[in-house]
Amino acid sequence: MSAQDAASCPTITVSCPDSVRASEELTFTAGVSGGDANVQPTYNWSVSAGTISSGQGTATIVVDTTGTGGQTITATADVGGFSPECSTSQSCTTSVAEKSAPAKKAGEYITRDLKANTAILDNFVIELMNDPTAQGYIIAYGGRTSRPEDAQKAADNATNYTMNTRKMDGARTLSGVGGYREEPTVELWIAPEGGAPPMATPTVDPKDVKPAAPKG
């Protein structure tokens with residue numbers, strides 16, 4: 001290849017994340033710099049695992065990683081339009097981690113007076129202590145006659161018990177309000193390391209809540 005031919009050859013790069021979890025979308029992007037400015041590049045992609053769900057023929061593809069946990073995926077972009085003497089194929093490799101198990105419910109209790117149910121919370125704390133890598137979640141729901149602040153109070157009471165009485169590290173349990181249920185309820189969940197947090201599942205529309213008058 002002459003110096004003039006070499007100057008007309010582009011530099012091809014392919015970028016990708018270091019890792020994703022199985023079933024997550026994985027994106028690969030090709031970059032073209034330099035080369036003959038009159039060339040409109042074409043793109044042909046191949047992957048070592050997974051399937052290309054969109055983008056074939058363009059600079060960016062999305063790969064479906066379903067069923068590829070524990071593997072690596074290498075995507076190779078062959079960029080066309082330039083001189084056959086140019087090196088226009090580049091790759092990038094991403095590791096696909098196994099999909100984590102979903103969060104599991106570790107307990108639930110109705111709390112009309114917003115107090116913590118210590119027996120159920122004790123079991124929750126024990127399960128968390130048995131797995132130091134797990135993350136605990138407390139989701140509190142107001143009932144049909146709850147005041148707007150009641151669910152937060154119930155969540156706070158549960159958290160205070162795990163932290164102040166059971167001496168659980170506050171970072172091990174995250175709490176929040178999940179909306180409304182028929183009865184004021186507290187759910188306790190445990191997610192494995194890397195697992196997604198649980199989703200709130202309210203059953204009563206806020207417009208149907210009729211807060212009771214404060215006692216006294």
Side-chain angles (χ1 to χ4, degrees), residues 17 19-27 53-54 62 64-69 96-216:
S19 64
V20 296
R21 291 196 174 277
S23 298
E24 290 182 348
E25 288 188 341
L26 172 56
T27 300
S53 58
S54 64
V62 176
D64 182 352
T65 62
T66 302
T68 63
V96 183
E98 294 286 358
K99 187 177 181 180
S100 296
K104 68 171 186 176
K105 186 186 288 187
E108 176 181 319
Y109 59 89
I110 292 174
T111 176
R112 295 183 181 89
D113 60 1
L114 310 183
K115 291 181 180 178
N117 186 312
T118 58
I120 294 177
L121 285 166
D122 284 341
N123 291 332
F124 175 59
V125 170
I126 289 170
E127 283 199 55
L128 282 172
M129 292 175 67
N130 287 339
D131 184 357
T133 66
Q135 177 67 58
Y137 295 90
I138 298 172
I139 304 177
Y141 299 87
R144 280 190 176 272
T145 60
S146 294
R147 293 182 296 275
E149 68 274 14
D150 285 353
Q152 187 61 60
K153 288 181 179 178
D156 292 344
N157 287 338
T159 302
N160 288 340
Y161 179 78
T162 62
M163 291 177 57
N164 299 325
T165 301
R166 293 305 308 265
K167 307 303 181 184
M168 173 65 70
D169 181 353
R172 297 294 311 281
T173 57
L174 302 176
S175 66
V177 172
Y180 293 91
R181 296 272 185 88
E182 292 295 328
E183 298 280 0
T185 305
V186 172
E187 286 185 343
L188 308 173
W189 292 81
I190 295 178
E193 184 177 18
M199 300 294 291
T201 53
T203 60
V204 174
D205 193 302
K207 67 180 174 50
D208 295 327
V209 175
K210 307 297 182 184
K215 292 181 180 180

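For clarity, every value in this text was computed on a predicted model and none was experimentally measured.
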Show me the side-chain donor-acceptor pairs of residues 185-196 shorter than 3.5 Å, one per line, residues at least two apart or across chains.
| unit_1 | atom_1 | unit_2 | atom_2 | d |
| --- | --- | --- | --- | --- |
| Thr185 | OG1 | Glu183 | O | 2.8 |
| Glu187 | OE1 | Tyr141 | OH | 3.4 |
| Glu187 | OE1 | Trp189 | NE1 | 2.9 |
| Glu187 | OE2 | Lys105 | NZ | 3.4 |
| Glu187 | OE2 | Arg181 | NH2 | 2.7 |

Tell me, which pairs form a salt bridge (charged side-chain N to carboxylate O under 4.0 Å, His left out) where one or both residues lie in residues 153-163, sequence neighbours left out?
-> none
Which atom pair, heavy atoms only, marks the closest approach of [X] to [Y]?
X: Gly143; Y: Val209; value: O-CG1, 3.8 Å
X: Gly107; Y: Ile120; value: CA-CG2, 4.1 Å
X: Val204; Y: Asp208; value: CG1-CB, 4.2 Å
X: Ser146; Y: Pro184; value: OG-CB, 4.1 Å
X: Tyr180; Y: Pro148; value: OH-CA, 4.0 Å
X: Thr65; Y: Ala22; value: OG1-C, 3.7 Å

Would you give the length of the straight line joining atom OG1 of Thr118 to atom CG of Asn123, rounded to the nearest 0.5 angstrom?
-> 10.0 Å
Side chains of Asp122 and Tyr161: donor-acceptor distance under 3.5 Å anywhere?
-> yes
Assess whether side-chain contact (heavy atoms from CB on, under 4.5 Å) is satisfied between Glu182 and Arg144, documenting all intermediate values.
-> CA-CA 6 Å; Glu182 292 295 328; Arg144 280 190 176 272; 2.7 Å; yes
Do Gln152 side-chain atoms and Glu149 backbone N/O form a donor-acceptor pair below 3.5 Å?
-> no
Sole residue of Asp64, Val96, Thr66 in side-chain contact (heavy atoms from CB on, under 4.5 Å) with Ser23 | Thr66
What pairs of donor and acceptor atoms, side-chain ones from residues 167-177 against any protein atom, are under 3.5 angstrom apart with sequence neighbours left out?
| unit_1 | atom_1 | unit_2 | atom_2 | d |
| --- | --- | --- | --- | --- |
| Lys167 | NZ | Asn164 | O | 2.9 |
| Asp169 | OD1 | Ala171 | N | 3.0 |
| Arg172 | NE | Ala134 | O | 3.2 |
| Arg172 | NH2 | Leu128 | O | 3.0 |
| Arg172 | NH2 | Asp131 | O | 3.0 |
| Arg172 | NH2 | Ala134 | O | 3.0 |

